[in-house]
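Values below: all heavy atoms of this structure, side chains included; hydrogens, waters and symmetry mates excluded.
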Amino acid sequence: MNDISDDPVQRQYEAYPYPARDPAEETTRLITGSPSHPLEIDHFLFGGQRDWSRPFRVLVAGGGTGDGLIMLAQILADNRVDAEIVYLDMSTASRRIAEARAEARGLTSIRFETDDLLNAADYGVFDYIDCCGVLHHLPDPDAGFAALRGALAEDGGIGAMVYAPYGRAGVYEMQDALRVLVPDDPPEAQVAHTRSLMASLPPTNGLHRNPYLHDHAHGGDAGLYDLLLHSRDRPYTVGELFDTLERADLDFVSFTTPGRYDPRLMIADPVLRERAVALPYRDRAALAERLVGNIKVHAFYATARGVAPRIATPGPDAVPCLVGVSGSALAESVYKNGFIRGEVDGVGFQRPLPRDAAGLLMAMDGRRSLDEIRSATGLLRGQFDDLLAKLYQPLNNFGLMRLSRLKRFGSRS
Ligand SMILES: C[S@@+](CC[C@H](N)C(=O)[O-])C[C@H]1O[C@@H](n2cnc3c(N)ncnc32)[C@H](O)[C@@H]1O
């Protein structure tokens with residue numbers, strides 16, 4: 001049994017549960033994201049064909065104030081999935097907020113536990129494990145990856161997020177500077193001193209020069225503390241992440257936004273493009289990370305070593321689901337502009353599309369299969385397949401389309 005008493009990271013999250021959340025806001029919005037949106041879990045880990053009539057056991061390891069937890073529990077409940085979700089965190093202050101959020105929504109599928117995630121296997125085996133923004137804070141992150149692997153059902157999967165160094169440019173030198181300037185002050189004084197320091201720093205300071213970081217400016221005291229005053233925080237390059245997964249007997253499945261890791265989006269020179277494309281996936285992704293320069297976190301899926309890859313592909317019975325964007329908005333863009341576009345942190349796509357694509361997008365309701373959509377649009381098979389390929393690849397690469405039968409299951413009568 002691992003003992004979590006007297007850990008500086010635990011003390012931090014007792015003082016500043018992160019991210020700061022007000023349970024009263026649960027009546028007005030659902031926060032969604034990656035990893036761990038159930039549509040995304042199905043897409044990357046279960047071939048988009050999970051049988052949702054089967055019970056689904058989930059571990060949310062380091063669940064914090066509950067963002068991933070509430071998203072999972074709410075969407076699974078909305079779709080009447082028989083889910084059991086175990087929330088694990090060592091901060092009781094964070095747990096209280098997560099519990100209040102679940103209560104505000106009347107969610108009953110969650111069991112709350114205060115514990116170290118190194119003890120994950122004590123809670124059984126899980127079809128899915130979420131671990132978002134946690135492993136990089138462990139004294140021995142490898143032990144954390146191994147503990148999650150140890151609690152994973154053989155055909156299950158993990159969705160995780162760890163920090164990435166280049167996009168966090170400016171953070172680590174500020175953390176080092178603050179360790180010198182405010183080493184032993186109480187947390188509130190550390191925050192106050194940090195704010196006053198920030199106000200006097202020249203525009204050349206690394207944080208000021210990084211427009212992709214927001215938490216110190218907009219995340220309140222908890223956001224500032226988490227970013228700049230953290231007692232333990234180690235980022236992973238793509239190469240380091242792949243090495244870590246290998247040591248933990250885990251196979252990398254995919255980043256949640258594979259388009260961010262595609263160097264072809266950043267290289268126009270045909271000779272260099274060819275060289276980049278010839279690289280093994282891991283080296284290609286590592287190259288893209290260096291070239292794009294602003295990846296702050298890696299959100300990804302993994303399975304136990306040797307499990308056959310089960311990323312969904314768009315076959316006739318696959319059900320396409322738009323995420324964070326509506327079919328009508330995309331259809332309108334096709335109609336008005338002749339293209340669709342999307343972007344994550346300044347990198348994205350613009351894809352020209354003929355007007356026929358608008359009808360296809362309108363028919364994507366998250367319930368109809370591709371075969372049913374084709375019938376509804378009246379398009380010939382070749383024409384339909386051609387349009388779909390043009391749509392699917394960029395939307396999926398930037399997290400806007402997943403394949404899953406979850407909503408179809410949820411809408412059964
Ligand atoms: C940055 S927060 C992320 C919370 C949540 N996963 C999210 O994405 O909003 C990190 C959380 O991990 C928890 N944590 C850190 N190390 C842990 C450990 N060894 N066992 C359990 N929880 C841990 C902290 O208490 C904190 O609530």
Side-chain angles (χ1 to χ4, degrees), residues 1-26 31 35-36 56-74 76-77 83-153 156 158-162 186-187 220-223 225-226 229-233:
M1 191 77 175
N2 216 63
D3 182 12
I4 53 174
S5 53
D6 206 34
D7 183 297
V9 171
Q10 185 198 13
R11 280 202 300 276
Q12 169 181 334
Y13 287 112
E14 292 298 356
Y16 287 114
Y18 176 82
R21 294 289 179 236
D22 176 359
E25 289 182 19
E26 292 310 313
I31 295 174
S36 298
F56 193 46
R57 244 191 135 239
V58 177
L59 173 68
V60 180
T65 51
D67 280 3
L69 174 84
I70 297 296
M71 168 177 69
L72 265 159
Q74 184 66 63
L76 293 173
E84 184 198 348
I85 305 177
V86 176
Y87 162 103
L88 213 59
D89 200 290
M90 58 183 189
S91 153
T92 54
S94 301
R95 170 181 167 161
R96 277 195 295 278
I97 294 167
E99 278 178 319
R101 292 176 72 183
E103 199 181 321
R105 290 176 168 276
L107 296 168
T108 55
S109 57
I110 308 166
R111 175 176 144 203
F112 288 90
E113 300 284 352
T114 300
D115 202 350
D116 190 327
L117 66 80
L118 293 183
N119 301 322
D122 294 352
Y123 300 89
V125 291
F126 296 91
D127 302 305
Y128 178 67
I129 299 177
D130 162 273
C131 194
C132 180
V134 183
L135 290 160
H136 44 234
H137 296 315
L138 265 55
D140 177 3
D142 272 19
F145 279 92
L148 300 186
R149 165 70 186 86
L152 194 60
I158 293 176
M161 180 277 270
V162 293
D221 289 354
Y225 206 98
D226 215 75
L229 292 157
H230 213 290
S231 53
R232 208 185 292 126
D233 162 344

Requested in this report: Please confirm whether the backbone N or O of Arg57 pairs with a side-chain atom of Asp127, one donor and one acceptor, at under 3.5 Å?
Outcome: yes
Report task. May I have the step-by-step check of side chain to side chain contact (heavy atoms under 4.5 Å, CB included) for Ile31 and Arg101, ending in yes or no? Result -> CA-CA 11 Å; Ile31 295 174; Arg101 292 176 72 183; 4.0 Å; yes
**Report entry** Least distance between heavy atoms, Glu14 atom then Ser91 atom
**Finding:** OE2-CA, 3.3 Å
Query raised in the report: With distance as the sole test, does Asp115 use its side chain to make a donor-acceptor pair with the main-chain N or O of Leu88 at under 3.5 Å?
Result: no
Report task. Let me see the working for Leu107 and Ile85 under side chain to side chain contact (heavy atoms under 4.5 Å, CB included), right down to the final yes or no. Result -> CA-CA 11 Å; Leu107 296 168; Ile85 305 177; over 6 Å; no
Requested in this report: Examine distances only and state if a side-chain atom of Tyr225 and a backbone atom of Gly220 form a donor-acceptor pair shorter than 3.5 Å.
Outcome: no
Requested in this report: Anything under 30° is parallel, anything over 60° is perpendicular, the rest tilted; go ahead and classify Tyr87 against Phe112.
Outcome: tilted
Query raised in the report: What heavy-atom pair brings Ile97 and Pro17 nearest, and what distance separates the two atoms?
Result: CD1-CB, 3.8 Å
Query raised in the report: Is there a donor-acceptor pair under 3.5 Å between the side chain of Glu26 and the backbone N or O of Arg105?
Result: no
Report task. Would you confirm whether Thr65, through its side chain, and Ala20, through its main-chain N or O, come within 3.5 Å as a donor-acceptor pair? Result -> no
Query raised in the report: For the residue pair His230 and His137, does the interplanar ring angle fall in the parallel (under 30°), tilted (30 to 60°) or perpendicular (over 60°) class?
Result: parallel
Requested in this report: Quick one: pull up CG in Asp7 and CD in Gln12 and give me the separation to the nearest 0.5 Å.
Outcome: 10.0 Å
**Report entry** Shortest non-hydrogen contact from Val9 toward Ser231
**Finding:** CG2-OG, 3.6 Å
Report task. Go through the structure and list residues passing side-chain hydrogen bond (donor to acceptor under 3.5 Å, both in side chains) with Glu103, not counting sequence neighbours. Result -> none
Query - Nearest heavy-atom neighbours spanning Phe126 and Ala120 - result: CE1-O, 4.2 Å
Query raised in the report: So, do Ser109 and Leu76 sit near enough that their side-chain heavy atoms are less than 4.5 Å apart?
Result: no
**Report entry** Min side-chain heavy-atom separation Tyr16-Asp221 under 4.5 Å
**Finding:** yes
Query raised in the report: Could you give all pairs that pass the salt bridge (charged side-chain N to carboxylate O under 4.0 Å, His left out) test and reach residues 137-151, with sequence neighbours left out?
Result: Asp142-Arg247, Arg149-Glu154
Query raised in the report: Does any N or O in the side chain of Arg21 come within less than 3.5 Å of the main-chain N or O of Ala98, such that one atom is a donor and the other an acceptor?
Result: no
Report summary line: Residues Cys131 and Ala61: closest non-hydrogen pair is SG-O, 3.5 Å
Query raised in the report: Looking only at atom types and distance, does a side-chain atom of His136 sit under 3.5 Å from a main-chain N or O of Asp233, one as donor and one as acceptor?
Result: no
Query - Sole candidate of Asp89, Ile70, Leu72 that passes side chain to side chain contact (heavy atoms under 4.5 Å, CB included) when paired with Val60 - result: Leu72
Report task. For residues 128-137, pull every pair meeting salt bridge (charged side-chain N to carboxylate O under 4.0 Å, His left out), keeping only residues two or more places apart or in separate chains. Result -> none
Report summary line: Residues Thr114 and Arg95: closest non-hydrogen pair is OG1-NH1, 2.8 Å
Report task. Starting at CG of Leu117, measure out to CG of Asp122 and round the result to the nearest 0.5 Å. Result -> 11.5 Å
